[in-house]
Amino acid sequence: MTHQANVRRQTQSMSESKERTTPAELLTSKGLLDAAVVAVRIGKEIVDVHTLVDADAAIEPIRVGDPGALDVIRHSTAHVMADAVQRLFPGTKVTIGPCTEDGFYYDFDRPDGAFTDADLRKIEKVMREIVKANSPFRREIVSRDEAKERFAKLGETYKVEIIEGIPEGEDISLYTHGAKGKDWTDLCAGPHVPSTGMLAAVKLTSVAGAYWRGDERNPMLQRIYGTAFHTQEALDEHLRLLEEAKKRDHRKLGKELELFMFHEWAPAMPFFYPRGAKVYNKMVGYLRDLYVDAGYEEVITPQIYDTKLYKTSGHLANYRENMYFGIPSDSLEGILEAFEAFVSKQAAGGAITSEQRKALREEFLAREILEARFAGAKPMNCPGHCLMYASRRRSYRELPWRIADFGRLHRYERGGVVHGLARVRSFSQDDAHIFCMPEQVQEEITKFNRLLYAIYRAFDFKDVHIKLATRPEKRIGTDDMWDRAEKALEAALVEAGLAFEVTPGEGAFYGPKLEFHVRDALKRSWQLGTIQVDYAMPESFELEYVGSDGAMHRPVMLHRAILGSVERFMGVYIEHCGGAFPVWIAPEQVTLLTVSEKQEAYALEAKAYLSGRGIRVITDLSSDKLGAKIRNARMMRYPYLGIIGDREAETRSISPRSHVDGELGSMTLVSFADRVLAEAVPGGQGAQQPPKTE
RNA sequence: GCUGGCGUAGCUCAAUCGGUAGAGCACCGGUUUUGUAAACCGGAUGUUAGGGGUUCAAGUCCCCUCGCUAGCUCCA
């Protein structure tokens, strides 16, 4: 989402001496101004036709349908919506209203609370009237004081706050549309379309709460989301895509295809049905195969640890809110007794208020229990792996030591953030930790990148976007460590010639990371893989190795995952392929459908043959008619259906129907099996095995 | 966690003003033996998420809890 601030942009840096005019006049003089011009481009900047610019500026008209035009249209639509809202709901204050990747929103402070869907329809109606009036957007530059005074008079306290935040020296521009007396003005950097009549296709989509300035300590505002396009057809197409996304929703497909379920007695913790478990295990199995050549060794580690572990690793200080703590049943009573003793000691016999008691409880939890008697379910594998590393003396000869772990992790996620398989409380990662010498870091990152791209290709994800997340405020380790770690990640990317974006402050508490985001078939972006350079945890666990010089050295630890959470990856992948898994990963590769019960014996024979060739095959021998069997099988999205009637039984053949290509005609069982097996490799038909990484 | 919305049969959804909880699919039994997206007949299916309240009467109105959901915040 591109949250474009609608204020605070300096219009143009230009010399005072030059003659100034508006793009509208410039275009008119060239005969280029027509009804389709929304704004103009000057260099990299987009300005509207009313903004004063240098008279000799090189301007390029942006017409309806050109790239960049939509943002202008949507932002203008947001103004019209805010106008409509204030007409319908007096007393509502405006805040900000930027455009987003596929629409716009505007946040309001409404004394009466949230808007309803019926309100949205009303607002749309008034918006259409404003559009119909086709009144021009007018721009004016005002002084800081005048702007403040005008908005203060209207009671628009948020706008006043925004003006106060605009740096000195920047223009403060206001935009007004509507007829005199019924006009509506907003503080805004623009640009805007010349006239409201250009806002042809508008739809308000949803309402939601949103905090002022995105801070949960601030008041909750009412946000209205909408979208706008230059034609009704484009809007309809957009709404169609949203419908398509709904159809592919992995939560819906998970239920329909019997892949997984949830139950309120284990909220946000998925149950995988046999079909889902097959897909899941195929994914993990594929990674295990690649690990052999990539030099990883799999380990199995405990689920629950003494809190001493998390104290050492820093999780207790930095990750406690996201952890589950269990109490061994033997300790239950003892803990309660200890708490009572603690309270009476602190209160020294006197009565205490419930406030004080609450504070004591917090202190008790933090100081006594967490360190001594609670057991924590692991939220990450890394601390356990450190214990394994430290279990004996290590030599530089065994580095890099790459240990993979598919162990289940538990993280307590706040109620509002869990979402299908994409955000759960119980999951596994394709997690591995690489313990290596500092001079091996860059090469390990490079190898990891190669492995990652090969795996994404196998799953048909082609569009990968890399982010380099740097040190957050809450962190462990020295600045020097962070400098080195951030540099190593960057160097590996530069060396590989991979483009990336830096996201400051987004790193993990123990190290900076690369995040790998992919786009799915519906153009949505998901974070999957990550690699993190960590100098801190080896320090905390005092990890060492004997170098070739005979002295002790500290290893570096790389945390890395390619699919990320296997659960989330499966959710993303389900939506990517629309539930129609390719042959290599489908729970069942072939379903044999008999035309009548007469072919049952041959169908079972064919099944045995295909099964013997290593194909996952099931049958539908029910008394349904063929049409019904096909319909059911299509809905289950099996890659291949094998029709078996009298003709096939007589010639010992099969009539396959591919999910992708439809009917294939009749062929022998042997050539059908050959075809299926040829396709049953990661990456699909004709795909090469991913290149080896070593 | 916060702000909205939602929760009725395994699934998708009805139920007018507060007045007997219903349909299709799936399921079960039977008939049918079928050639590329739904054969026919019959049957069973509910603590209307849970708890409390208002009322002669609650799926429907009110309160609480749980879950789901769109966002916000978070995402190590």
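Throughout, protein chains are lettered first and strands after them, A, B, ... in sequence-line order, and every chain is numbered starting at 1.
- Using a 4.0 Å heavy-atom criterion, one finds that A:Arg411 contacts the sugar-phosphate atoms exclusively.
- The side chain of A:Tyr225 places an N or O atom within less than 4.0 Å of a non-bridging phosphate oxygen (OP1 or OP2) of B:C72.
- In the model, A:Lys629 has no side-chain atom that pairs as donor or acceptor with a side-chain atom of A:Thr591 under 3.5 Å.
- The closest side-chain donor-acceptor pair between A:Glu679 and A:Tyr640 falls under 3.5 angstrom.
- Residues passing the salt bridge (charged side-chain N to carboxylate O under 4.0 Å, His left out) test with A:Glu124 are A:Arg121, sequence neighbours excluded.
- Contacts of residues 619-632 of chain A with RNA chain B (heavy atom under 4.0 Å): A:Ser623, A:Lys625, A:Leu626, A:Gly627, A:Ala628, A:Ile630, A:Arg631.
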Table of protein N/O atoms under 3.5 Å from nucleotides 43-47 of chain B N/O atoms:
none

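- Below the 3.5 angstrom threshold, one finds no donor paired with an acceptor across the side chain of A:Arg223 and the base of B:U3.
- With sequence neighbours left out, A:Arg425 forms a salt bridge (charged side-chain N to carboxylate O under 4.0 Å, His left out) with no residue at all.
- Comparing B:A49 with B:A9, their C1' atoms sit 14 Å apart, to the nearest whole Å.
- For residues 632-648 of chain A, the pairs satisfying salt bridge (charged side-chain N to carboxylate O under 4.0 Å, His left out) are A:Lys598-A:Asp646, with sequence neighbours left out.
- Listed by first and then second residue, the salt bridge (charged side-chain N to carboxylate O under 4.0 Å, His left out) pairs that reach into residues 263-273 of chain A come to none, sequence neighbours excluded.
- Within residues 258-276 of chain A, the residues that have a heavy atom under 4.0 Å from RNA chain B are, in order of number, A:Glu264, A:Pro267, A:Ala268.
- Sorted by first and then second residue, the salt bridge (charged side-chain N to carboxylate O under 4.0 Å, His left out) pairs with a member in residues 530-540 of chain A read A:Glu539-A:Arg554; sequence neighbours excluded.
- Aromatic ring centres of A:Tyr106 and A:Phe108 lie closer together than 6.0 Å.
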Checklist entry - Based on Watson-Crick and G-U pairs with both distances under 3.5 Å, what dot-bracket line describes RNA chain B 5' to 3', crossing pairs as [ ] and inter-strand pairs as |? => result (((((((..((((.....[..)))).(((((.......))))).....(((((..]....))))))))))))....
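- Counting distance only, with no hydrogens placed and no angle test, the side-chain atoms of A:Gln599 and the base atoms of B:G35 include no donor-acceptor pair under 3.5 Å.
- Aromatic ring centres of A:Phe509 and A:His315 lie closer together than 6.0 Å.
- Counting only residues at least two apart or in different chains, salt bridge (charged side-chain N to carboxylate O under 4.0 Å, His left out) contacts with residues 562-572 of chain A comprise A:Arg408-A:Glu567.
- Using a cut-off of 4.0 Å between Lys/Arg side-chain N and Asp/Glu carboxylate O, A:Glu506 and A:Lys467 are scored as not salt-bridged.
- A:Lys378 and A:Thr301 share a donor-acceptor pair across their side chains, judged by distance under 3.5 Å alone.
- Within residues 557-567 of chain A, no residue has any heavy atom under 4.0 Å from RNA chain B.
- Among the atoms of the strands shown, none is found under 4.0 Å from any heavy atom of A:Thr594.
- Screening A:Glu575, A:His419, A:His576 against A:His250 for a side-chain hydrogen bond (donor to acceptor under 3.5 Å, both in side chains) leaves a single residue, A:Glu575.
- The phosphate of B:C75 (OP1 or OP2) has no side-chain N or O of A:His419 nearer than 4.0 angstrom.
- At a non-hydrogen distance threshold of 4.0 Å, A:Glu506, A:Ala508 from residues 501-508 of chain A come into contact with RNA chain B.
- There is a side-chain donor-acceptor pair under 3.5 Å between A:Tyr510 and A:Gln532.
- Within 4.0 Å of A:Arg251, counting heavy atoms only, lie sugar-phosphate atoms of the nucleic acid but no base atom.
- If you check distances only, the side chain of A:Arg423 does reach the base of B:C75 with a donor-acceptor pair under 3.5 Å.
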